[in-house]
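To keep things clear, I will list the structure first and then write my remarks on it.
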Amino acid sequence: GAVRSWMRSARAKAQASDSPQNMFYYAGDAVCTKYRQWSSFFHEALPPPAPGTDADARCLGPRAFRVALTRAHPRLSAAQIGAVWDALREGTGKATVDLRTFCAVSQA
């Protein structure tokens with residue numbers, strides 16, 4: 001669907017720039033500034049930080065991602081949210097989602 005297509009495009013841009021760290025950040029920065037409510041959904045869904053954890057480096061795991069995306073888009077079904085999660089894991093190769101990625105997905 002649209003999310004997978006967007007993720008392929010973002011991955012291609014990151015690979016073309018030789019900077020994998022930039023994946024999803026092109027749109028993410030602008031989106032997070034514009035949609036602060038999504039940022040609050042992200043932070044509300046985060047589990048409590050482990051001692052010594054950098055608060056800015058925390059990410060959403062599968063359960064917290066489902067909670068946050070359900071708050072951002074209450075009309076999505078559990079199956080749809082699961083498909084988005086699976087696409088993110090496949091597209092990024094990561095088991096967690098950072099704030100910028102969450103905001104970019106919420107925009108899509």
Side-chain angles (χ1 to χ4, degrees):
V3 172
R4 286 184 188 195
S5 175
W6 179 81
M7 287 176 28
R8 280 191 296 274
S9 172
R11 182 173 38 226
K13 286 179 186 177
Q15 289 170 346
S17 72
D18 293 328
S19 178
Q21 298 90 331
N22 289 331
M23 187 178 294
F24 300 106
Y25 289 11
Y26 299 110
D29 284 335
V31 171
C32 288
T33 301
K34 188 172 181 182
Y35 297 100
R36 295 188 191 280
Q37 190 167 19
W38 291 342
S39 176
S40 71
F41 296 152
F42 176 92
H43 289 290
E44 290 167 6
L46 281 172
T53 302
D54 179 9
D56 293 332
R58 296 188 316 153
C59 297
L60 300 177
R63 186 175 303 139
F65 176 79
R66 286 182 177 97
V67 168
L69 195 57
T70 298
R71 299 246 357 250
H73 296 285
R75 293 184 182 184
L76 291 179
S77 70
Q80 289 170 316
I81 292 173
V84 172
W85 174 257
D86 291 342
L88 281 169
R89 288 198 54 197
E90 179 184 318
T92 64
K94 297 181 181 180
T96 59
V97 174
D98 63 17
L99 174 60
R100 290 179 178 168
T101 303
F102 176 76
C103 288
V105 167
S106 294
Q107 169 64 21

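Note that the structure is a prediction, hence the values are computed from the model and not measured. As a basis for the values below, the full set of heavy atoms in this structure was taken, side chains included, without hydrogen atoms, waters or symmetry mates.
When hydrophobic clusters are built by joining Ile, Leu, Val, Met, Phe, Trp and Tyr residues whose side-chain heavy atoms come closer than 4.5 Å, directly or via intermediates, L76 is grouped together with W38.
Going from atom CZ of F41 over to atom SG of C103 covers 10.5 Å, rounded to the nearest 0.5 Å.
By the 4.5 Å heavy-atom criterion applied to side chains, L60 and L46 are counted as neighbours. Contact check for V97 versus V105: no side-chain heavy atoms found under the 4.5 Å cut-off. Within the 4.5 Å cutoff, the side chain of L99 has heavy atoms near those of the H43 side chain. Inter-residue side-chain proximity for F65 and I81 is flagged as met; some heavy-atom pair is nearer than 4.5 Å.
Across every non-hydrogen atom of F102 and A72, the tightest pair is CZ-CB, 4.3 Å.
Applying the side chain to side chain contact (heavy atoms under 4.5 Å, CB included) rule to S40 yields the partners Q37, E44; only residues at least two apart in sequence or on another chain are considered.
Listed by first and then second residue, the salt bridge (charged side-chain N to carboxylate O under 4.0 Å, His left out) pairs involving residues 61-70 amount to none (not counting sequence neighbours).
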